[in-house]
Amino acid sequence: MSRSTVRRTLTLITALACALALAPPAHAIPPLPDPNHPVGWGQHATGGAGGPVHVVTTRKELKDALAAGGPKTIHVRGTIYGNQTDDGVLLGEQDYAPGYDLGKYLACFVGGKVWSDQAHAWCGQMRRLRQTGSNNQKRQIQLTVPSDTTLLGIGADARLEGVFLSINTGSNIIVRGLELESPIDHFTSWDPGDGESGSWNARFKAFGIVTGSTIWIDHCTFTDGQHLDRDAPTGPNGKPVNRHDGLLDIEDGSDLITVSYSRFVNHDKNMLVGSGDGKGATGTAASCASPTTATSSTVSHSARRASATAPCTSSTTTTGAR
């Protein structure tokens, strides 16, 4: 690695900052600082400056605003539900995959270890329903933020509940003043070979960034909210079924990103910076970053999970319970 790359990496480490020393109550979003002054490595993000302003209160309105071309600013008012259809109906597990049953799905793992379509008459159907349901839910709840966009929560009650917010190769994006409640994965998959006692693999994040650049995330709260994994049914390993993936994942060479004055609460896996170890070089470069003095409470892992492929290390300080 060249000296310039090392300097740039270390700068990115210190610039990706969540700079609250004490966490306010879980429902509160801290007041916004001057919106004209981004900070840190994402300081050159201008988002939707110069474009029209869209005010949204429903998923359909948010989806349509995100699809509008050119620079834009989107004001979110109240709670937007990811599982809400265009006509206002809230969808659940049976709407995405009628007939799917978690208990029947688990019963198809012989001894809790090996899947078999022949274990019961319904096993082939459960396997297909889980896959179909997962894809149907993803199409419903995933909303992708395009380049040159500002997404701004208006008021302390601005929330995205059950939305899988994503950035995929987008750049020049600002997301501020929102509470993001992680989606429930109704079709999380059990992998008996993952770890010593098996593990659940949920699919949906609260916010996922893949190969994004020049992004500022500020004064946001990330949480499992009212649907905690500890309240889920018990799985084959004697632990609750894991229905949530990470709260904020920054992956695959994402670059020039600041996460500032944000909070991570009531969750298991909070934040990934980098990629899975199997991604190789795609998980390295400027995606190597970590927050310092990040606020977290009621979490079982650290507020940061750095990929082992990331070409740097850093020390972090977290406040709150782990």
Side-chain angles (χ1 to χ4, degrees), residues 26-27 29 54-67 74-105 126 128-146 151 153-155 157-168 175 178-190 200-210 220-233 240-249 264-269:
H27 63 275
I29 298 175
H54 305 263
V55 179
V56 301
T57 60
T58 67
R59 174 191 168 277
K60 182 181 187 305
E61 291 174 348
L62 176 56
K63 179 181 68 173
D64 292 344
L66 291 169
I74 302 172
H75 288 178
V76 176
R77 293 186 180 274
T79 300
I80 290 179
Y81 300 95
N83 291 293
Q84 187 177 55
T85 63
D86 290 354
D87 57 0
V89 176
L90 286 174
L91 303 178
E93 174 192 274
Q94 292 303 304
D95 298 298
Y96 293 122
Y100 178 73
D101 183 272
L102 178 63
K104 287 185 175 181
Y105 166 75
M126 288 301 109
R128 292 187 294 271
L129 284 175
R130 195 202 66 77
Q131 294 168 343
T132 299
S134 180
N135 291 335
N136 289 341
Q137 186 178 6
K138 182 175 185 289
R139 279 191 292 269
Q140 168 67 29
I141 68 174
Q142 184 174 18
L143 296 175
T144 300
V145 183
L151 189 60
I154 303 299
D157 62 345
R159 302 174 66 249
L160 302 182
E161 181 178 322
V163 171
F164 172 18
L165 195 69
S166 66
I167 295 174
N168 190 352
V175 178
L178 283 171
E179 180 176 327
L180 296 92
E181 183 172 317
S182 181
I184 295 176
D185 186 348
H186 294 297
F187 308 97
T188 182
S189 62
W190 170 247
W200 291 94
N201 292 298
R203 185 177 187 182
F204 309 123
K205 317 170 200 325
F207 196 176
I209 302 173
V210 177
C220 288
T221 296
F222 299 85
T223 179
D224 282 355
Q226 55 193 316
H227 303 290
L228 305 180
D229 279 340
R230 67 180 181 226
D231 299 327
V241 174
N242 189 321
R243 301 174 296 180
H244 302 93
D245 196 17
L247 289 177
L248 172 61
D249 286 1
F264 301 83
V265 296
N266 293 329
H267 189 73
D268 179 16
K269 301 172 292 186

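Residue numbers start at 1 and run along the sequence shown. The figures here come from the full heavy-atom set of this structure, side chains too, leaving out hydrogens, waters and symmetry mates.
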Residue pair [X] / [Y], side-chain heavy-atom distance below 4.5 Å:
{"X": "Asn136", "Y": "Leu91", "result": "no"}
{"X": "Arg59", "Y": "Asp86", "result": "yes"}
{"X": "Leu180", "Y": "Lys205", "result": "no"}
{"X": "Val145", "Y": "Leu66", "result": "yes"}
{"X": "Asp64", "Y": "Val56", "result": "no"}

For Glu161, check side-chain hydrogen bond (donor to acceptor under 3.5 Å, both in side chains) against everything at least two apart and list the hits.
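Partners of Glu161 by the side-chain hydrogen bond (donor to acceptor under 3.5 Å, both in side chains) criterion, ordered by chain and then number, come out as Arg159, Gln226.
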
Apply side-chain hydrogen bond (donor to acceptor under 3.5 Å, both in side chains) to Ser189 and list each qualifying residue two or more places apart in sequence or on a separate chain.
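With sequence neighbours excluded, Ser189 shows a side-chain hydrogen bond (donor to acceptor under 3.5 Å, both in side chains) to no residue whatsoever.
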
Which residues pass the ring-ring contact (aromatic ring centres under 6.0 Å, His included) test with Tyr96, not counting sequence neighbours?
none

Who passes ring-ring contact (aromatic ring centres under 6.0 Å, His included) against Phe187, sequence neighbours left out?
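Phe187 satisfies ring-ring contact (aromatic ring centres under 6.0 Å, His included) with Tyr100 once adjacent residues are dropped.
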
Separation between [atom1] of [X] and [atom2] of [Y], rounded to the nearest 0.5 Å:
{"X": "Thr57", "Y": "Ile80", "atom1": "OG1", "atom2": "CD1", "value": "7.0 Å"}
{"X": "Leu143", "Y": "Phe164", "atom1": "CG", "atom2": "CZ", "value": "10.0 Å"}
{"X": "Tyr105", "Y": "Thr188", "atom1": "OH", "atom2": "OG1", "value": "7.5 Å"}
{"X": "Phe207", "Y": "Leu178", "atom1": "CZ", "atom2": "CG", "value": "9.0 Å"}
{"X": "Leu62", "Y": "Leu165", "atom1": "CG", "atom2": "CG", "value": "7.5 Å"}

Taking the six-membered ring for Trp, are Trp190 and Trp200 parallel (under 30°), tilted (30 to 60°) or perpendicular (over 60°)?
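Taking Trp200 first and then Trp190, their aromatic rings sit tilted (interplane angle of 30° to 60°).
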
Does [X] reach the main-chain N or O of [Y] with its side chain, forming a donor-acceptor pair under 3.5 Å?
{"X": "Glu181", "Y": "Leu160", "result": "no"}
{"X": "Gln137", "Y": "Ile184", "result": "yes"}
{"X": "Gln140", "Y": "Gln84", "result": "yes"}

Quick one: list whatever passes salt bridge (charged side-chain N to carboxylate O under 4.0 Å, His left out) with Lys138, sequence neighbours left out.
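For Lys138 there are no salt bridge (charged side-chain N to carboxylate O under 4.0 Å, His left out) partners, ignoring immediate neighbours.
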
Residue pair [X] / [Y]: nearest heavy atoms and the distance that separates them:
{"X": "Ala206", "Y": "Ser182", "value": "CB-CA, 4.0 Å"}
{"X": "Leu129", "Y": "Ala97", "value": "O-CB, 3.6 Å"}
{"X": "Ile141", "Y": "Pro183", "value": "CD1-CB, 3.7 Å"}
{"X": "Gly153", "Y": "Ala158", "value": "CA-CB, 3.5 Å"}
{"X": "Thr144", "Y": "Ser166", "value": "OG1-OG, 2.9 Å"}

Filter on salt bridge (Lys or Arg N to Asp or Glu O under 4.0 Å), then keep only pairs touching residues 89-101, sequence neighbours left out; what's left?
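Applying salt bridge (Lys or Arg N to Asp or Glu O under 4.0 Å) to every pair that reaches into residues 89-101, excluding sequence neighbours, yields nothing.
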
So Asn135 and Arg203, side chain to side chain contact (heavy atoms under 4.5 Å, CB included) or not? Walk me through it.
CA-CA 10 Å; Asn135 291 335; Arg203 185 177 187 182; 2.9 Å; yes

